[in-house]
Engineer: 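Have a look at this one.
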Amino acid sequence: MTNILRRVVVMIGGSGSNLQALIAHPHHGVHYDIVGVISHRPEAYGLQRAQKADIPTLVVDHTLFETREEFENALLEATRTFRPDWIALAGFMRVLSPLFIRAYAGRLLNIHPALLPKYKGLHTHRRVLAAGDAVHGASVHFATEDLDGGPVIAQRTVPVLPNDDETTLAARVLAVEHQLYPETLSRVIQGLLNIDQNLVTVDH
Ligand code: GRF
């Protein structure tokens, strides 16, 4: 089946290992096309990953803007140059206001390193260890005006092992993120979404 609405812009702020996973996945170029990468940090290593894959990049350095509104207007302008159908946030570390979110409502995905709705926000691995949870994981969800609170599309779990520290646990979660994000993005782009009571299911 051909679906032309498969142009994806990935927004990053750091290492970009999820971006790398999205680029390297066999579904890239088949079910989705990454047509641009935008970073809010000029030194983000993910920019180099994109360049190596011949994907155009833009930097919208958040430190150069006085207000969130000016920053987000510049971000909107940057995204529009790539004419995206979808935006995938992958380590983009700025809170987005309704100004940006509304422009891409229903087409804006995020990956979060926890089993939402548990552990929204930062330092998820530390908080999971402190709580003594036996299970942790990652979630892909729609980004809405409710930070880390939009409808969850897919999750994958990992065990928390007795000797885990933040580093070992983070690595285990990141490894499943790298599978979960490309697979979920593909399914969302190809599939039919059912949204009910803040829960999204995807038909195959
Ligand atoms: C990932 O854990 C992602 O879930 C979180 O930030 C991290 C980004 O890592 N939002 P990377 O830049 O993709 O390597």
Side-chain angles (χ1 to χ4, degrees), residues 8-25 27-28 32 34 36-53 55 57-62 75 86-97 100-101 104 107-130 133 135-160 164-188 200:
V8 178
V9 162
V10 183
M11 291 184 21
I12 63 166
S15 157
S17 69
N18 275 291
L19 166 67
Q20 186 68 56
L22 288 163
I23 291 171
H25 198 276
H27 288 170
H28 182 214
Y32 61 85
I34 301 174
V37 170
I38 298 174
S39 173
H40 67 87
R41 286 177 58 235
E43 67 276 23
Y45 181 62
L47 288 167
Q48 292 181 43
R49 298 186 196 262
Q51 283 150 13
K52 275 193 197 128
I55 296 169
T57 59
L58 285 174
V59 174
V60 183
D61 183 347
H62 67 275
L75 262 187
W86 302 89
I87 294 192
L89 304 175
F92 186 85
M93 298 303 286
R94 309 305 296 171
V95 172
L96 292 166
S97 80
F100 188 90
I101 302 259
Y104 289 103
R107 301 183 290 145
L108 183 58
L109 273 59
N110 183 40
I111 186 149
H112 183 77
L115 296 173
L116 292 170
K118 290 178 85 175
Y119 305 111
K120 297 175 181 177
L122 298 174
H123 308 302
T124 58
H125 313 304
R126 190 183 308 169
R127 287 153 63 205
V128 163
L129 288 169
D133 292 2
V135 177
H136 185 26
S139 308
V140 175
H141 66 99
F142 282 109
T144 64
E145 293 167 32
D146 178 10
L147 185 66
D148 296 332
V152 172
I153 306 166
Q155 294 183 314
R156 197 151 299 167
T157 60
V158 299
V160 181
D164 268 337
D165 57 23
E166 263 190 80
T167 310
T168 57
L169 188 53
R172 196 173 307 122
V173 172
L174 202 56
V176 300
E177 290 184 36
H178 294 165
Q179 299 171 351
L180 184 66
Y181 213 1
E183 287 169 13
T184 307
L185 181 65
S186 292
R187 290 226 226 97
V188 167
V200 178

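Counting starts at 1 for both ligands and their atoms, in listed order.
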Engineer: Starting from atom 7 (C) of ligand 1, what is the nearest protein heavy atom, named by residue and atom, and what distance separates them?
Structural biologist: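 Scanning the protein heavy atoms, the shortest distance from atom 7 (C) of ligand 1 goes to Gly91 CA, 4.3 Å.
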Engineer: With a cutoff of 4.0 Å, is Gly46 in contact with ligand 1, counting heavy atoms of the residue only?
Structural biologist: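 No.
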Engineer: Salt-bridge test for Asp133 and Arg127: reply yes if a basic N is under 4.0 Å from a carboxylate O, no otherwise.
Structural biologist: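 Salt bridge flag = no for Arg127 with Asp133.
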Engineer: Name the closest protein heavy atom to atom 10 (N) of ligand 1, giving the residue it belongs to and the distance to 0.1 Å.
Structural biologist: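 Answer, as residue, atom name and distance: Ile111 O, 3.3 Å.
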Engineer: Nearest heavy atom to atom 4 (O) of ligand 1 wins, so pick from Gln20, Glu177, Met93.
Structural biologist: Glu177
Engineer: Just distances here: any N/O of Ala90 and N/O of ligand 1 closer than 3.5 Å?
Structural biologist: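 Not met; the criterion fails.
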Engineer: If you have a sec, work out which protein heavy atom is nearest atom 13 (O) of ligand 1 and how many Å separate them, to one decimal?
Structural biologist: Asn18 N, 2.8 Å
Engineer: Side chain of Gln155, backbone of Val140: donor and acceptor closer than 3.5 Å?
Structural biologist: no
Engineer: Show me, pair by pair, the donor-acceptor contacts under 3.5 angstrom made by side chains of residues 9-22, not counting sequence neighbours?
Structural biologist:
| from | atom 1 | to | atom 2 | distance (Å) |
| --- | --- | --- | --- | --- |
| Ser15 | OG | Arg49 | NH2 | 3.0 |
| Ser17 | OG | His178 | NE2 | 2.8 |
| Asn18 | ND2 | Glu177 | OE1 | 2.9 |

Engineer: Is there side-chain contact between Val59 and Arg41, with heavy atoms separated by less than 4.5 Å?
Structural biologist: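 Sidechains of Arg41 and Val59: no contact.
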Engineer: Looking at atom 12 (O) of ligand 1, what's its closest protein heavy atom, distance included?
Structural biologist: Gly16 N, 2.8 Å
Engineer: Could you check whether any side-chain heavy atom of His112 comes within less than 4.5 Å of a side-chain heavy atom of Thr124, counting everything from C-beta outward?
Structural biologist: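 Yes, side chains in contact.
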Engineer: Looking only at protein heavy atoms, identify the closest one to atom 5 (C) of ligand 1 and say how far it is in Å.
Structural biologist: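 For atom 5 (C) of ligand 1, the nearest protein heavy atom comes out as Pro113 CD, 4.0 Å.
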Engineer: Checking a contact table here: which protein heavy atom is nearest atom 14 (O) of ligand 1, and how many Å away?
Structural biologist: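 The answer is Ser17 OG, 2.5 Å.
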Engineer: Are the aromatic rings of Tyr32 and His27 close, with centres under 6.0 Å apart?
Structural biologist: no
Engineer: So, does Ile12 sit close enough to ligand 1 that a heavy atom of it is under 4.0 Å from the ligand?
Structural biologist: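 Contact check Ile12 vs ligand 1: negative.
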Engineer: Which residues pass the side chain to side chain contact (heavy atoms under 4.5 Å, CB included) test with Arg107, sequence neighbours left out?
Structural biologist: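 For Arg107 the side chain to side chain contact (heavy atoms under 4.5 Å, CB included) partners, ignoring immediate neighbours, are Trp86, Tyr104.
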